[in-house]
Amino acid sequence: MRDTVMEYNPATIEAKWQEAWGEGAVFESDVDQSKPKFYCLEMFPYPSGKMHMGHVRNYSIGDSMARFRRLSGFNVLYPMGYDSFGMPAENAAKKIGGHPHDVTWENINSIRSDLQKMGFSYDWRRELATSDATYYKWNQWIFLKFHEMGLVERRTAPVNWCEKCDTVLANEQVKNNRCWRCADEVRQKDMAQWFLKMTAYADELLDSLEDIDFPENVRAMQRNWIGRSHGVDIDFPLVGEKEVIRAFTTRPDTIFGVTFVTLAPEHPLCETLVSGTEYEASYRELAEECARMSEFDRVNMLRDKKGVFLGRYASNPLTGEDVPIYAGNFVVASYGTGAVMAVPGHDQRDFDFAKKYDIPIRQVLSEEQGKEPKVTGRAFEGLGWMVNSNRDGFDGLYGDDAKQAVIQALESEGMGQGTTQYRLKDWLLSRQRFWGTPIPFIHCDDCGVVPVPTEDLPVELPLDVVFTEDQSGNPLASHTGFVNTSCPKCGGKAMRETDTMDTFYDSSWYFLRFADAMNNQAPFDKISADYWMKDGVDLYIGGIEHAVMHLLYARFFTKALRDAGLNDVSEPFSRLVCQGMVNAPTPYCASCNVELHVDLEGSPCPTCGDALTFRSAKMSKSLGNTVSPELMIEKFGADTVRLFILFGANPEAGMDWSDSAIESNYRQMRAIHSALIQGIENNSTTGNMDEWLLARARKSHIDWNGQMSNIGLREGVMISHFEMVSDWQWAQRRGGVSRTAAQSYLRTWIPMLYPATPHLAEEMWQILGEEEMLANTVIDMTITAHENDPITLGQEEYLRRVIDRARSVRELAQRHTEGALSAVIIQTAQVWKDDLAKKAIKMYQDGFNFKQGGSKFLQTQPYFRDESTKGEVMQFWKIVVSGQKKRRGRIYTWGEQENNLVQTGFDEVAFLSANAEFISGALEIGSVEVYRAGEGEDVAGKSRSSLPLEPGIAWR
RNA sequence: GCAGGGGUUGCCAAGCUUGGUCAACGGCGCUGGGUUUAGGUCCCAGUCCUCAGUGGUUCGCAGGUUCAAAUCCUGCCCCCUGCACCA
């Protein structure tokens, strides 16, 4: 046995335990109302081939937490699946002339095998792939449910079209007018599309954001995205017409400053107003210019605000005053009403516009109460006191009062309506692509658009489709077997809907499916969902890139499904952790500010010819700076990779890949391994360090549990994988421990190694003689310190400090001494110092006022009356109770350990003498002399500076 | 412009919510020593300045509060992320 366990051989033990876990089905968990649950979830991967470092990081964090919670007695749900619909598979199929189904499964099988090699503790029974009909059937079922609830709408609207992806996109999926996936420019197109009415939940989505434990930036992004603003729709009657222009504003308090009205060029009224007039030509020019440009370019050139007068006037509903109507290139048709009441006095943009076109500027708010507004050459946009109102009853009102007064006046006169606007739009979820969930509707010439009856689900994607590179459009549309069907209502000939769902739909409820993944009667059972999802997924880990899209959709789904009666929970994720990126060194040109491919390492910059330096950049294929997890596992083992990932940085911080760091972590694993072996083989019957080592174990365990409970993985691992090794080694150097203590230490330590490096922990646990796997073990997390622990730990720290201080003086001492040093002389504090310090601590704890009563107390002390020591006593007292210069008095700085030592009358001389041999070894000095100051020669005058716990140290 | 997050001793990075035990955890790098046939591994020590030690100057910059500030307050500078002529 000895030979097999002496060497750390990760390949062997990792395979062994992965198999044992699988055979024992130890990670399978079911609803158990008697146990507290912990639902740990990672954003499931899109199966794009191999597992990459980003995945490794994400899942290493999750797996450690899942294992930690199991160890603590929780019933843990920890599932894994694949977000396997989507375009890359379809595009890959086109390239190789295959079917996305096959491409997808090849990738899934590859990723699954990678996941298993890392030893992640998933309940594999629950594995799912969204491209399976067993999953997407429920997508369709839910869609029909939403349809019943009135949340589904098919309507023709201008939508975002991506040419390259050959499909429409949701608003959330367009960044800077570019497709989030392929970065191709998106253009607007009118199409009949399917929408989910997410706006019906806008308020709840925004308001409940306050109650969930999301990172602040994610919350801010969602808040921003929903973009709720309170205001009022105001009707400006067209002069000489019956029609009105409805404008939305959040600043009704500025209504008396309106000097013109601006319409979006796309506003239908523009056309009506100018048609056949002298203003038509200039309007058309503007409108066409705007239409020609993509929205992106339009935004970019909007520094140049442009507008044209439309030749007509509208009247201010509160004053009857006529103001000109303009069309402006900066007014967005899709926000609010597409019309803006312009107040140049209090809106900088309107101000600039008014200056340019010579429109009057009127200030109707004052910055200071009771004063006239200042003329500053720019708009005052803050809240102020109303002035110059062309109507009684408004001047002097401020802020919300002012706004409310105006809204009330408008409402009572039927000229306006208080309202709330959102930036959030309904979710456009239809896609003109093959590899997605078919939308379960049928088009019938007679009956219109008819839902597929639930008993006919799933509407399956055909497998007999040939994909080719030159193909364009959706192959579903040309698959007659799929398209041709009969109408469920009238039985007549009908056609299937060929649009499929956005893949974000699939991931919007997969966490609920995981709660009851094998269910073939329903998407999930309510009891299971409510058990596992109570208060949401307890820990959800994934990338920040889904802050708005996935996380918003999932929140919407959970609420909508709740209203459908499928579950009780309202928020899917109670604690969200966005793990940081994994970066790696990349060639970098400082002058050009570009990161370059690793192949260019050592060459000059291809653009400017400068020498390249290195910089950390996100691992990416295009830079070639990726590191293959597979290779690393092969080289160092999964446990080392996991340790590196967890110890390298806190979950939310970015981390840099480093070859030397992973090697150092591998060394650490070996150090742990050999310490464990040494511990297991220890047969000593005596042990000087028993008490100390076990006290350390208790303290480490308490700290570790605290850190791990709060996802402080880096700190947790530092304790379990670093400090505890050092403690073990220190105990060995200081005289070793007995078999009993070693065994006890290992029984505390090995389980602590388990969350981060489970294979090694299981192996050692078994060698230790335990029969039950750690995977099946619950350990006591309520370990507390023993009463004597502070003293035990304090003494050892005292020794270390004495040695440290001796070392730091050594060099200086050498300079003052001729010849080699031969002895270190340690003078501990005089008895009276110990006594005074003890009293001072007690007095401090009793709340004694040292400033007032300090010197009076001193005078009662015997050693104070002795003229020869009086000065020293004074000085000492000051150091102890008030400190000197920047350093506080010792009574304040001593911790629990020090206080305990001083108060229990710790005998420093006896302790140091007993350890003289160790000290002389550590300091590599022949002789160690210890005595109380005054009881031996006062070498180098150190007796005076000796303090309790800080003996005077001299060299000779 | 708006919003969110940051700037800590060579690098990475704790701590700052609940001011004092913070010259400030830990890792990397570097230096020295030991172990080893050698290299590697491993172990020990050092790594702001000064000094036979309880001293000085540090935690983006400048002020302020306090007996006491990396930690609280004010202003400024810089960096990152998201949104953006949103009325």
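It should be emphasised that the depicted structure is a prediction, and the values quoted were computed from it without experimental measurement. We name chains A, B, ... by the order of the sequence lines, and we start the count at 1 in each one.
The shortest distance between the side-chain N/O atoms of Arg349(A) and the OP1/OP2 oxygens of A87(B) is not below 4.0 Å. Checking the phosphate oxygens (OP1, OP2) of C85(B), no side-chain nitrogen or oxygen of Gln348(A) falls inside 4.0 Å. For C28(B), one of the phosphate oxygens OP1 or OP2 lies less than 4.0 angstrom from a side-chain nitrogen or oxygen of Ser664(A). For the pair Arg667(A) and U41(B), the criterion of a side-chain N or O lying under 4.0 Å from OP1 or OP2 is met.
The partner of G26(B) is C12(B), by the rule that a Watson-Crick or G-U pair needs both atom distances under 3.5 Å. Nucleotide U66(B) forms no Watson-Crick or G-U wobble pair with any nucleotide shown, as no partner meets the under 3.5 Å limit on both distances.
If you check every strand for non-hydrogen atoms under 4.0 Å, Arg807(A) touches sugar and phosphate atoms only. Using a 4.0 Å heavy-atom distance criterion, Trp225(A) is classed as making no nucleic acid contact. At a threshold of 4.0 angstrom between heavy atoms, the contacts of Ala954(A) include nucleobase atoms, whether or not backbone atoms are also involved. Counting non-hydrogen atoms under 4.0 angstrom, Gly952(A) reaches a base of the nucleic acid. At the heavy-atom level, Ser808(A) lies nowhere under 4.0 Å from the strands shown. Across all strands, Arg733(A) comes closer than 4.0 Å only to sugar-phosphate atoms, never to a base (heavy-atom distances). When heavy atoms are screened at a 4.0 angstrom cut-off, Ile544(A) is found touching no nucleic acid atom at all. Ala661(A) comes within 4.0 angstrom of nothing in the nucleic acid, heavy atoms only. Residue-level contact check: Gln729(A) touches the backbone only, with heavy atoms under 4.0 Å from sugar-phosphate atoms and none from bases.
For Tyr335(A), there are no ring pair (Phe, Tyr, Trp, His ring centres under 6.0 Å) partners two or more places apart in sequence or in a different chain.
At whole-Å resolution of the value, CZ in Arg670(A) and P in G40(B) are 14 Å apart. Between the CZ atom of Phe330(A) and the P atom of A87(B) there is a distance of 13 Å, given to the nearest Å. At whole-Å resolution of the value, CZ in Arg251(A) and P in A87(B) are 11 Å apart. At whole-Å resolution of the value, NZ in Lys878(A) and C1' in C67(B) are 13 Å apart. C51(B) atom C1' lies 18 Å from atom CZ of Arg810(A), rounded to whole Å. Separating the CG atom of Leu646(A) from the P atom of G26(B) is a distance of 20 Å, rounded to the nearest angstrom. The separation between Asp347(A) atom CG and A87(B) atom P is 9 Å, rounded to whole Å. Across the protein-nucleic acid pair, Phe353(A) atom CZ and C86(B) atom P stand 15 Å apart, rounded to whole Å.
Ile361(A) is not listed as a side-chain neighbour of Thr259(A), based on a closest heavy-atom distance of 4.5 Å or more.
Side-chain atoms of Thr199(A) and Asp426(A) include a donor-acceptor pair closer than 3.5 Å. Under the 3.5 Å distance criterion, with hydrogens and angles disregarded, a donor-acceptor pair is assigned to the side chains of Tyr798(A) and Glu908(A).
Ring geometry for Tyr357(A) versus Tyr326(A): interplanar angle of 30 to 60°, hence tilted. Ring geometry for Phe353(A) versus Phe330(A): interplanar angle over 60°, hence perpendicular rather than tilted (30 to 60°).
In the set A52(B), G26(B), G53(B), G26(B) carries the atom at the smallest distance from any side-chain atom of Phe647(A). Relative to the side chain of Arg423(A), the nucleotides C44(B), C83(B), A87(B) differ in distance, and C83(B) lies closest. Comparing atom distances between the Glu216(A) side chain and each of C85(B), G5(B), U54(B) picks out G5(B) as nearest. Nearest nucleotide to the side chain of Asn329(A), out of A3(B), U54(B), C85(B): C85(B).
Of the possible polar contacts, none joining the Arg890(A) side chain to the Ala837(A) backbone as a donor-acceptor pair under 3.5 Å is found.
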Which atoms of nucleotides 12-20 of chain B (N or O only) lie under 3.5 Å from a protein N or O atom, and what are those distances?
unit_1	atom_1	unit_2	atom_2	d
A13(B)	O2'	Arg714(A)	NH2	3.3
A14(B)	OP1	Asn650(A)	ND2	3.3
G20(B)	N1	Arg888(A)	NH2	3.3
G20(B)	N2	Arg888(A)	NE	3.3
G20(B)	N3	Arg888(A)	NE	3.0

Scan nucleotides 71-76 of chain B against the protein and return all N/O pairs shorter than 3.5 Å with their distances rounded to 0.1 Å.
none

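Taking the ring centre of Trp730(A) as origin, the terminal cationic atom of Arg800(A) falls inside the region bounded by 6.0 Å and 45° from the ring axis.
Between G19(B) and C73(B), the two P atoms lie 11 Å apart (nearest whole Å).
Residue-environment remark: NZ (Lys425(A)) exceeds the threshold of 12 foreign heavy atoms within 6.0 Å.
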